[in-house]
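So that we are looking at the same thing, I have put the structure below in C-alpha cells.
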Amino acid sequence: MESPELTFTLAYTAFCLCFVFTPNEFRSAGLTIQNLFSSWLGSEDMDFVHYHVKRSSTTLLVHSALPLGYFMGMCNAAPEKHLQYFYQMSDQRRVFFVFSVCLLLASSTLIVYWSRQGWHNHPISSGLQALVQPPHSNWASVASSINIEFRRIDKFASGAPGARVIVTDSWVLKSDCHVTVTDSRQHQLSPDSVSPTQLLTLRVHSINPAVKPFDIRLNSTEYAELREKVHAPIRNSASVVIRQTISELFLETFQAHVDLNQPYLLPSGQDVEPCIGCMQVPANTKLVRLCHVDEADIEPECEQCFCRPMWCLSCLGRWFASRQDQQRPETWLSSRVPCPTCRAKFCILDVCVVH
C-alpha cells in the first residue's frame, strides 16, 4: 500500500506541472495566474504593458512559493515526520526547507526591486527603454503607444493564451525590423484540423542593436494575415515552401475563372467607389446573370443582381469561399451563393470584372 507521503508527492508534482504549463483543462477551470489574481492584475485590454508587468511578477512569486507549499503540505500529509519542528527534521528535509524559504525571499526581493519608481527596473520596462526614440521620450511613452494600439480590433494575434504573438500597426513589428522564415515543420495530427498542420518559424531582427533577435512560431494558415499586417518584407532565406490553405488555393482558382468571363463595361459617368469589404482598392466586380442552368438541376437558378459594383475580386472570392461546405471543397466552383449586398444568388459564371 502506498504511503501518504508518496501519494501527496505524486499529486503535488502533477499539480505543479499542470499549474506551470497550464493545459486546457486547468485553463478552463480557471486555475491560472491571470484568473486567480485578476483583481490585482487589472484589464489587459485597458493597460496591456502594466498588466503583463504585474502578471510576470506575480507568476515569479507564485512559482517560487511552490517548493515551500510542498513542504507545508507534507506537514499535514505525514505528521509522523514531525516536519513542523525544525531541529527534528532530517538533514535533507532541513536543507530543502531552507532552500524553499530562501527561494521565496529572493524572488520577493527581486520583485520589490522591479517595482521601484513605477516598475522602472522590470525587464519589460528595460526592453521598452531600448525602443525609445522620437516621438517617445521614455519607456512609459512607448508603453502608452502599445496600450493604445492593442485596443484596436485589427491587430494580429496568434498562439495559445500563454504564448501569443501580437502585431499591431506599429508594434511589435514594423519597418524597423527584418523578418525571415527560417524553418518549417509539418505535423500530421492536429487537435484543431483533420488535415496536416504546417508550423513556421520566423526570425525577427531589429535595426536597433539594443533589441535582441527573437523567433515567432505560427501556423502557415495565419501567415497571409501576418504578412498583411507587417510593414516590412518577409524573406525566405531557407527556401521554405509555405503550404497554402484551401481558401487561398480556391481564391487563385476563382480569380482565374472570373478572368475568362466577359467583362462588364462601366456606364459613362458612373464612378467606381472603394470596395466596401476592404476599403483598400476600387470595387472592380459586377454580378451579371450569364449562366444557363439545366432544368433538371435541383438547385434554384441564379438571380439577376441590380447592385452597382461594390466589391473587389479578392473580397468577393473570400465571401464566395466562406459560404461553402468546408468539408466538400470539390463542390465549391459549381455552387451558388447569395450576393453579399442584395442576397440574389449567383455562381462563378456571373462574376464580371469591371472595365
Problem - Check against side chain to side chain contact (heavy atoms under 4.5 Å, CB included), Cys342 and Leu287 - result: CA-CA 11 Å; Cys342 70; Leu287 299 180; over 6 Å; no

Practice task
Report yes if the side chains of Arg217 and Leu199 come closer than 4.5 Å at any heavy-atom pair, otherwise no.
Solution key: no

Handout entry: Under 3.5 Å: donor-acceptor pair, side chain of Ser141, backbone of Asn138
Key =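 Absent.
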
Handout entry: Worked verdict on Leu316 versus Val258 for side chain to side chain contact (heavy atoms under 4.5 Å, CB included)
Key = CA-CA 11 Å; Leu316 192 62; Val258 170; over 6 Å; no

Exercise for the section: Output every pair passing salt bridge (Lys or Arg N to Asp or Glu O under 4.0 Å) with a member in residues 31-53, not counting sequence neighbours, ordered by first then second residue. Expected result: Glu44-Arg164

Handout entry: Where Phe71 and Arg93 come nearest, the two heavy atoms and their spacing
Key = CE1-O, 4.0 Å

Handout entry: Interatomic distance, His63 atom NE2 to Leu61 atom CG [nearest 0.5 angstrom]
Key = 10.5 Å

Exercise for the section: Sorted by first residue and then second, give each salt bridge (Lys or Arg N to Asp or Glu O under 4.0 Å) pair with at least one member in residues 303-314; sequence neighbours left out. Expected result: Glu273-Arg308

Problem - Flag, side chain of Arg289 to backbone of Cys302, donor-acceptor distance under 3.5 Å - result: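 Indeed, once roles are kept as given, a pair shorter than 3.5 Å links the two residues.
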
Handout entry: Expected output: side-chain Ser57 to main-chain Lys54 donor-acceptor under 3.5 Å
Key =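 Side chain of Ser57 to backbone of Lys54, a donor-acceptor pair under 3.5 Å: no, none is there.
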
Exercise for the section: Search all heavy atoms of Asp91 against all heavy atoms of Arg94 and return the closest pair with its distance. Expected result: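 Scanning both residues, the minimum pair turns out to be OD1-NH1, 2.9 Å.
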
Exercise for the section: Answer yes if Phe48 and Ile148 sit in the same cluster of Ile, Leu, Val, Met, Phe, Trp and Tyr residues linked by side chain heavy atoms under 4.5 Å apart, and no otherwise. Expected result: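 Shared cluster, no.
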
Handout entry: Donor-acceptor pair, side chain of Thr201 and main chain of Thr182, under 3.5 angstrom
Key = no

Practice task
With the side chain counted from C-beta on, respond yes when Cys278 and Ser314 share a heavy-atom pair under 4.5 Å apart, and no when they do not.
Solution key: no

Practice task
Report the C-alpha distance between Trp311 and Thr341 in whole Å, list the side-chain angles of each, state the deciding distance to 0.1 Å, and finish with yes or no for side-chain hydrogen bond (donor to acceptor under 3.5 Å, both in side chains).
Solution key: CA-CA 9 Å; Trp311 299 83; Thr341 307; 3.0 Å; yes

Problem - Pairwise distance CG(Leu104) to CG(Leu68) - rounded to 0.5 angstrom - result: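 It is 6.0 Å, given to the nearest 0.5 Å.
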
Handout entry: Steps toward side chain to side chain contact (heavy atoms under 4.5 Å, CB included) verdict (Phe250, Phe320)
Key = CA-CA 10 Å; Phe250 171 77; Phe320 198 99; 3.5 Å; yes

Practice task
Take atom CZ of Arg343 as the centre, draw a 6.0 Å sphere, and report whether it contains more than 12 heavy atoms from other residues, nucleotides or ligands.
Solution key: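 Atom CZ in Arg343 is packed in, count exceeds 12.
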
Fill in the blank from the handout: Rounded to the nearest 0.5 angstrom, the CZ-CE distance for Phe96 and Met74 is 8.5 Å

Exercise for the section: Give a yes or no on whether the ring-centroid distance for Tyr70 and Phe8 is below 6.0 angstrom. Expected result: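 Between Phe8 and Tyr70, which both carry aromatic rings, the centre distance is below 6.0 Å.
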
Practice task
Please name the pair of heavy atoms, one in Val272 and one in Pro282, separated by the smallest distance, quoted to 0.1 Å.
Solution key: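 Scanning both residues completely, I find the closest heavy atoms to be CG1-CB, 3.7 Å.
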
Exercise for the section: Establish whether Leu105 and Trp114 are linked, either directly or via other cluster members, by ILVMFWY side-chain heavy-atom contacts under 4.5 Å. Expected result: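 Yes, same cluster.
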
Problem - Check: Tyr12 side chain, Leu66 main-chain N or O, donor-acceptor pair, under 3.5 Å - result: yes

Practice task
Find the distance between CG (Leu313) and CD (Gln255) and round it off to the nearest 0.5 Å.
Solution key: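 The CG atom of Leu313 sits 4.5 Å away from the CD atom of Gln255.
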
Problem - Ile276 and Pro340, any side-chain heavy atoms less than 4.5 Å apart - result: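 No - every pair of side-chain heavy atoms lies 4.5 Å or more apart.
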
Problem - Gln270 to Pro309 - nearest heavy-atom pair and separation - result: NE2-CD, 3.5 Å

Problem - Straight-line distance of Phe37 CZ to Arg55 CZ, nearest 0.5 Å - result: 13.0 Å

Practice task
Establish whether Met72 and Val101 are linked, either directly or via other cluster members, by ILVMFWY side-chain heavy-atom contacts under 4.5 Å.
Solution key: yes

Handout entry: Atom pair OG/CG of Ser108 and Leu60 - distance to nearest 0.5 Å
Key =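 The OG atom of Ser108 sits 8.5 Å away from the CG atom of Leu60.
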
Handout entry: Under 3.5 Å: donor-acceptor pair, side chain of Thr9, backbone of Glu5
Key = yes

Handout entry: Sidechain-backbone polar pair: Asn284 side chain, Val354 backbone, donor-acceptor under 3.5 Å
Key =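 Not at all, since once roles are kept as given, no pair shorter than 3.5 Å links the two residues.
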
Handout entry: N/O donor-acceptor pair under 3.5 Å between Lys286 side chain and Pro263 backbone
Key = no

Handout entry: Student check: side-chain heavy atoms of His120 and Trp139 closer than 4.5 Å
Key =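 Of all side-chain heavy-atom pairs linking Trp139 with His120, at least one is under 4.5 Å.
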
Practice task
List the steps, then state whether side chain to side chain contact (heavy atoms under 4.5 Å, CB included) holds for Thr285 with Tyr264.
Solution key: CA-CA 8 Å; Thr285 60; Tyr264 173 78; over 6 Å; no

Problem - Main-chain N/O of Cys347 paired with Asp350 side-chain donor or acceptor, under 3.5 Å - result: yes

Problem - By side-chain contact (heavy atoms from CB on, under 4.5 Å) - contacts of Leu103 (at least two apart) - result: Ser64, Pro67, Phe99

Exercise for the section: Give a yes or no answer on whether the side chain of Asn35 reaches the backbone of Leu31 with a donor-acceptor pair at less than 3.5 Å. Expected result: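 The answer is no, because no donor-acceptor pair under 3.5 Å joins these two groups.
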
Practice task
State plainly whether one hydrophobic cluster holds both Trp319 and Val281, where clusters connect Ile, Leu, Val, Met, Phe, Trp and Tyr through side-chain heavy atoms under 4.5 angstrom apart.
Solution key: no

Practice task
Compute whether any side-chain donor of one residue and acceptor of the other, for Thr58 and Trp40, lie under 3.5 angstrom apart.
Solution key: yes

Problem - Heavy-atom check, side chain of Val351 versus side chain of Phe254, under 4.5 Å - result: yes

Problem - Non-hydrogen side-chain atoms of Phe346 and Val288 separated by less than 4.5 Å - result: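 Not in contact.
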
Exercise for the section: Specify the closest pair of heavy atoms between Gly317 and Leu251, including all atoms of both residues, with the distance to one decimal. Expected result: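 Between these two residues, the closest heavy atoms are CA-CD1, 3.8 Å.
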
Exercise for the section: Can you see which heavy atom on Leu41 is nearest to which on Gln34, and at what distance? Expected result: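 Smallest heavy-atom distance, with atoms named: CD1-CA, 3.8 Å.
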
Handout entry: Hydrophobic cluster identity match, Val53 and Tyr113, side-chain contacts under 4.5 Å
Key =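 Cluster IDs for Val53 and Tyr113 match.
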
